Amino acid sequence: MIYVYVLHSLQDHGLYIGFTTNRKKRIAEHEDGASFATKYRGPWKLIYYEPTLIDMMPKGGNATSKAGAGVGSCVNN
């Protein structure tokens, strides 16, 4: 199962949208500063997560799903 999640930065009030197969471990990595993408913007608050059956994990090095494609529509809904 893939989890889509949204974190809210308590420092700069920005959002981070991510996906993972291990939600608890990945959120802990964000909170501990172990994630390069969110290391300098924490602390973080988990504001949303949803399990999905859609496989969003990049195949063959194509990371377009994490490059911002469609992120705006997700946040604005």
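This structure is a prediction, so every number in the text was calculated from the model and none was measured.
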Starting from the C-alpha separation in whole Å, work towards a yes-or-no answer on side chain to side chain contact (heavy atoms under 4.5 Å, CB included) for Thr21 and Met1. CA-CA 6 Å; Thr21 57; Met1 172 117 11; over 6 Å; no
If you round to the nearest 0.5 Å, how far is [atom2] of [Y] from [atom1] of [X]?
| X | Y | atom1 | atom2 | answer |
| --- | --- | --- | --- | --- |
| Ile2 | Leu53 | CD1 | CG | 9.5 Å |
| Glu29 | Lys25 | CD | NZ | 5.5 Å |
| Tyr5 | Thr20 | OH | OG1 | 6.0 Å |
| Asn22 | Ile27 | CG | CD1 | 10.0 Å |
| Tyr3 | Thr52 | OH | OG1 | 11.0 Å |
| Arg26 | Leu46 | CZ | CG | 13.0 Å |

What are the two closest heavy atoms between Gln11 and Gly42, and how far apart are they?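 Between these two residues, the closest heavy atoms are OE1-O, 2.8 Å.
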Answer yes or no: is there a side-chain heavy-atom contact under 4.5 Å between Lys45 and Leu7?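 The answer is no; the side chains never approach within 4.5 Å.
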Backbone N/O of Tyr16 and side chain of Trp44: donor-acceptor pair under 3.5 Å: no
Quick one: does Ser9's side chain have a donor or acceptor within less than 3.5 Å of a partner on Arg41's backbone? yes
Answer yes if Ile47 and Leu10 sit in the same cluster of Ile, Leu, Val, Met, Phe, Trp and Tyr residues linked by side chain heavy atoms under 4.5 Å apart, and no otherwise. no
